[in-house]
Amino acid sequence: MTEAVLLVGGQGTRLRPLTVNTPKPMLPVAGVPFTVHQITRARDAGISRIVLATSYRAEVFAEFIEGADLGIEIVIATEVEPLGTGGAIRHALTHLESGADDPVVIFNGDVLSGLDIRGLVDSHVQSASDVSLYLTPVPDPRAYGLVPIDADGRVEAFLEKPQTPEEIVTDLINAGCYVFKRSVIEAIPDGRVVSVERETFPGLLASGAHVRGVVDEGYWLDLGTPLAFVQGSKDLVTGKAPSPAVGAIGEVLVLDGAAVDPSAQLRGGSAIGRGAVIAADAVVDGSVVFDGAEIGAGAQVVDSIVGAGARIGADCELHGVVVGDGAVIGSRNELRDGARVWPGVQLDDVSIRYSSDS
Ligand code: GDD
Ligand code: MG
């Protein structure tokens, strides 16, 4: 039996306002909560038991897991106060059933990847490592944890969110999946906030522990920002990102109960939620429309996220924006590049435009 801990307790600050009501891993992506893609991939890699380390809006997970059968045992461990990534792993320990030297897989709860999870676990056991880290190269590593390794794959340092150019010593980053020897988790201090990235990993390196990096250059994405969230959704819909939880791969995904006018154009890996309405001549390109949202006639929604039950008026133009749940955007508004509309906000007709020509 292999066990895993899925870290899903973060606040998802960069995805606000979508995460005001729903924790990031529970946001719908390609038809199911994001966490389901991760849980079913773990299941298919032979993980039979998973501890969901929750904190922020823990009740949303509990409610979902109660009614779901994902073919894997799921246990919920809730931190009353968020304990950080390392503290959450330590807190989950009492819920683990495996033995002292058994491997325990840890997943960040917002990563979509093509990692060979079983391969990482097997090589961890064979090499008798204390910790094995999944690493991937990225063009700009500054927003992540940098992990330089030597020729044998031994981790040399762990530089979380580097601040200076001198710290950019590699393009290899912590890709958000680790295998810990269970006894190493036991050594994490209990009952206080611990960052696995800033405290546990540097501490293990300083003490000479065997920490190994495994580079995988396959698909990888952290869905922590609106742009990345839209990208991840598109990649799941079109099959570029692997997940057992995507029913039918295609150019777009229209879920049951959505009403799409025949003259509307859907493209670019867009996902249309249950009960959503897309009116005549609307264009939805590379976007995510949550359940029950309405896109008015002639509106253009590009690279954007429209929250549950939100209404976008006729002839609006949305490019790269996030509209919160239940917000109402009057007709002929134009919203661009990073604009975020909070849940329930109402915008009158023609309130925001970048040009006066229409
Ligand atoms: N239970 C619990 N408690 N979970 C937490 C807590 C907490 O206090 N804080 C964060 N998490 C969870 C988040 O929900 C998320 O799934 C995961 O831990 C990582 O947190 P993020 O907030 O997404 O971190 P990040 O993206 O800035 O950086 C992390 O991921 C990168 C790769 O995606 C770091 O691990 C980086 O080193 C790494 O490169
Ligand atoms: Mg993240």
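Numbering of ligands and ligand atoms starts at 1, following listing order.
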Practice task
Return the name of the atom in Asp222, of element N, O or S, nearest to the Mg ion (ligand 2).
Solution key: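 This turns out to be OD2.
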Problem - the Mg ion (ligand 2) - closest N/O/S atom in Asp110 - result: OD2
For residues [X] and [Y], is any side-chain donor paired with an opposing acceptor at under 3.5 Å?
X: Asn174; Y: Tyr178; result: yes
X: Gln231; Y: Asp235; result: yes
X: Glu197; Y: Thr85; result: yes
X: Arg332; Y: Ser351; result: no

Exercise for the section: Kindly determine whether Thr238 and Glu251 satisfy side chain to side chain donor-acceptor pair (under 3.5 Å), including the steps that lead there. Expected result: CA-CA 6 Å; Thr238 58; Glu251 161 76 357; over 6 Å; no
Completion exercise
Contact set, ligand 1, heavy-atom distance under 4.0 Å, ordered by chain/number, equals Leu7, Val8, Gly9, Gly10, Arg14, Lys24, Ala53, Glu79, Pro82, Leu83, Gly84, Thr85, Ala88, Asn108, Gly109, Asp110, Val111, Tyr144, Gly145, Glu160, Lys161, Asn174, Tyr178, Glu197, Trp220, Asp222
Handout entry: Heavy-atom side-chain proximity of Glu3 to Val51 below 4.5 angstrom
Key =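 Not in contact.
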Practice task
Using the side chain to side chain donor-acceptor pair (under 3.5 Å) rule, take Arg212 and Ser132 through it: C-alpha gap first, then chi angles, then the decisive distance, then the call.
Solution key: CA-CA 5 Å; Arg212 213 169 116 263; Ser132 300; 2.6 Å; yes
